[in-house]
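Right, one structure below, let's go through it.
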Amino acid sequence: MSDTLHIQHEVASHGHSGEPHVHHHKETFISKYIFSMDHKMIAKQFLVTGIIWAIIGGLFSVLFRLQLGFPDQSFPILETFFGHWAEGGKIKPEFYYALTTMHGTVLIFFVLTAGLSGTFANLLIPLQVGARDMASPFMNMLSYWMFFAASIVMISSLFTQTGPAAGGWTVYPPLSALGQASQGSKSGMDLWIIAMTLFVASQLLGGLNYISTILNMRTKGMAMTRMPLTIWALLFTAILGVLSFPVLLSGLVLLMFDRHLGTSFYLSDIYIAGQALPNEGGSAILYQHLFWFLGHPEVYIIIMPTMGLASEILAINARKPIFGYMAMIASLMAICVLAFLVWAHHMFVTGMNPFLGSVFVLLTLLIAIPSAIKVFNWITTIWRGNLRFTPAMLFAIGFVSIFISGGLTGIWLGNSTIDIHLHDTMFVIAHFHIVMGVSAFFGMFAGIYHWYPKLFGRYMNSTLGYIHFWVTLVCAYLIFWPMHYQGLAGMPRRYLDKSSWASFSQFHGLDAMITVVTIIAFSVQLMFVFNYFYSMYKGKRVRSQNPWGATTLEWTTPIHPGHGNWEGEIPEVHRWAYDYGKDGRDFIPQTEPVGENESEH
C-alpha cells in the first residue's frame with residue numbers, strides 16, 4: 001500500500017510535467033493487482049466483478065424462466081441446489097419473487113451501471129483526455145472497493161434463512177417497509193438497502209472523480225470540442241449520477257427508518273391479518289417519487305456510455321468522420337436535462353391529476369427528438385463508409401438496431417392513456433429489456449471487443465465473437481419481441497404461474513419457446529466469458545500500438561502502458577478526434593498538427 005501511495009504521489013506531482021518516475025518504484029502483488037490506484041487496473045476490476053455479477057444475474061433469469069416456461073414440470077436438480085426453496089423440484093412463490101428482484105437489481109445496478117461505467121470511464125477518461133490518472137487515484141480505488149463491499153453484502157443476502165429481498169427491484173413500500181409482510185421483507189431487505197447504500201457511495205466517489213478529471217486534467221490542446229464522444233457521454237453520465245443517486249439514497253434511508261425506528265414516511269392505514277398498525281400520515285407514493293427521480297435518469301446512466309462507445313466504434317470502423325459531432329453533443333445534453341423531468345411517467349396509474357400526466361407525456365415524448373438525432377447521425381456516419389465488420393463493429397451496429405426497436409415501444413408507454421392498459425404487463429418487460437438491457441449489453445460488448453487490445457495487449461478470438469454476436473442478436477429478438485404481444489393481451493408480469501387463466505393459456509407454447517431460447521442465449525454468454533479469459537493468455541498478440549488505425553490518444557501509449565500511461569511527455573492535441581478518410585489519408589491522429597493546406601472536416 002505504501003508503494004502504491006508513493007506512486008500516486010509521483011503521478012500527481014508530475015502529471016503534466018511529462019517527467020514521470022512512475023516505473024521506478026517496485027510494486028507488490030497487493031499494490032498492483034488488489035489495492036491498485038492505476039485507473040487501468042481499476043477498470044479491469046470493475047469489468048471482472050461485473051462479469052461475475054452478470055453470470056449470477058443471468059442464471060437467476062434462467063431459473064425463473066424454467067418456472068414460467070414449464071409451470072407443470074418439476075426439476076429435481078433445483079432442490080439439490082436450493083433445498084427447501086425448490087422443494088420437489090419446483091420453485092416456491094417466495095423464491096420466485098426473490099429471483100426476479102435480485103435479477104433486476106444486480107443487472108441494472110451492479111452490471112449495467114457499475115460494471116459498464118466503472119470499466120470504460122476508468123479505462124478511457126485518462127487515456128483519451130491525456131492524463132496520467134484520475135484526479136484522485138485514491139478516491140478511485142475507494143470507489144471500486146465500496147462497490148466490492150456492496151457486492152459482498154448483496155451476495156450474503158442470498159444465504160440468510162429468510163432469503164434475499166423479494167419486493168421487486170424497485171422495493172416499493174409497504175411491502176419493503178414492513179418486515180412482517182413476507183419472507184423477502186425480513187433481513188434480506190435490510191441487506192439489500194445496506195448494499196445499495198454502499199453502491200451509491202461508490203457511484204458518487206467515481207462520478208466526482210470522472211467529472212473532475214475531464215474538466216481539469218485534459219492535456220494541452222484538448223479543448224472540450226476536441227474530446228471524443230466517449231468522453232462527452234461519460235461526462236454527462238457522471239453528472240446524471242451525481243445529481244440523482246443522492247435522491248435514491250435519501251429514499252433508502254427513510255425506508256430504513258420506517259423499518260426499524262417506527263417512523264411513517266411511507267406508511268399509513270396498514271392492516272396485517274386484520275390488525276391495524278399504528279403508522280399514520282405517510283405515503284407510499286412519496287417513495288415512488290424519490291425512487292423514480294433516480295430511476296428514470298438511471299436509464300440514461302446505463303445507455304449514454306454505450307452511445308459514446310458506439311459512436312467511436314462506428315466512426316473508426318466506417319473510416320469516416322462522425323456525422324454531426326456538435327449535434328451529438330447537444331443531443332446528449334438534451335437527454336441529460338430531460339432525463340430529470342420525466343420520472344412521473346412511471347406513475348401514471350398512481351392517481352395522478354390528468355393535466356399533470358399530460359405534462360409528463362409531453363416531456364417524455366420530447367426525448368424522442370435528441371434520440372432520433374443520434375440514430376440519424378449514427379446511420380449517416382456508416383452510410384457509404386468503408387466498413388470493417390469486426391465483432392466490435394457488429395455489436396455497435398446491433399446496438400443501434402436494438403436501440404431503435406426499444407425506443408419505438410417507449411413511445412407507447414410514454415402516452416398515459418395507452419400506459420394505463422400496458423402498465424405492469426409483459427409489454428413493459430419487453431420494452432425496458434430491449435432498450436436499456438439488451439442494447440446496453442450490445443454497446444458494452446462492442447467496447448470490450450474494441451478496447452481489449454488496450455486492456456491486455458491481445459485480441460479476443462474473432463470467430464467466437466461472430467458466433468456470440470449472431471446468436472445473441474437472434475435470441476434477443478426471439479425472447480423479447482413476443483413479450484410485446486403478451487403484454488398487449490394483458491398478461492401481467494411477476495406472476496409465478498399464469499396457466500390457470502384461460503385467457504393466457506394460449507401463450508403457453510410461446511413461454512416454453514422463450515425459456516429454451518433464454519437458455520441458449522445464456523450459454524452463448526458463457527462462451528463470451530470463456531473467450532474473455534482464454535484470450536488474456538492465449539489470444540493473438542497485438543503487434544502495433546494502434547491496431548485499429550484510430551485517431552485518439554489511448555492508441556499513442558505503449559501496448560502495455562504502465563501507471564502514468566505515457567513514458568515521456570504527454571502528447572499534445574492539435575485536432576478533433578474524427579479525421580478519417582481526409583485528404584486521401586485513411587486517418588490523421590489527434591497529435592498531428594494541422595497542415596497549412598489541409599481541408600476543413
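When reading the values below, keep in mind they use all heavy atoms of this one structure, side chains included, and skip hydrogens, waters and symmetry mates.
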State whether the side chain of K186 and the backbone N or O of G179 hold a donor-acceptor pair below 3.5 Å, judged by distance alone. yes
Atom CD1 of I434 and atom CH2 of W481: how far apart are they, to the nearest 0.5 Å? 6.0 Å
Out of curiosity, F110 CZ to F147 CZ, how far, rounded to the nearest 0.5 Å? 6.5 Å
Interatomic distance, F199 atom CZ to L248 atom CG [nearest 0.5 angstrom]: 9.0 Å
Relative to the ring of H346, is the ring of H296 parallel (under 30°), tilted (30 to 60°) or perpendicular (over 60°)? tilted
So, for H484 and F427, is the gap between ring centers shorter than 6.0 Å? yes
Applying ring pair (Phe, Tyr, Trp, His ring centres under 6.0 Å) between H468 and each of F530, F441, F528, report the one that passes. F528
Any chance you could measure T230, atom OG1, to L309, atom CG, to the nearest 0.5 Å? 7.0 Å
Using distance only, find each side-chain donor-acceptor pair of residues 507-514 under 3.5 Å and give its atom names and separation, not counting sequence neighbours.
unit_1 : atom_1 : unit_2 : atom_2 : d
D511   : OD1    : R65    : NH2    : 3.0
D511   : OD1    : Q486   : NE2    : 3.3

Do any N or O atoms from the side chain of Q45 and from the backbone of I34 form a donor-acceptor pair under 3.5 angstrom? yes
Heavy-atom pair of closest approach, residues A284 and P174: CB-CD, 4.5 Å
So, H431 side chain and G406 main chain: donor-acceptor pair closer than 3.5 Å or not? yes
Is the backbone of L175 close enough, under 3.5 Å, to the side chain of S185 for a donor and an acceptor to pair up by distance? yes
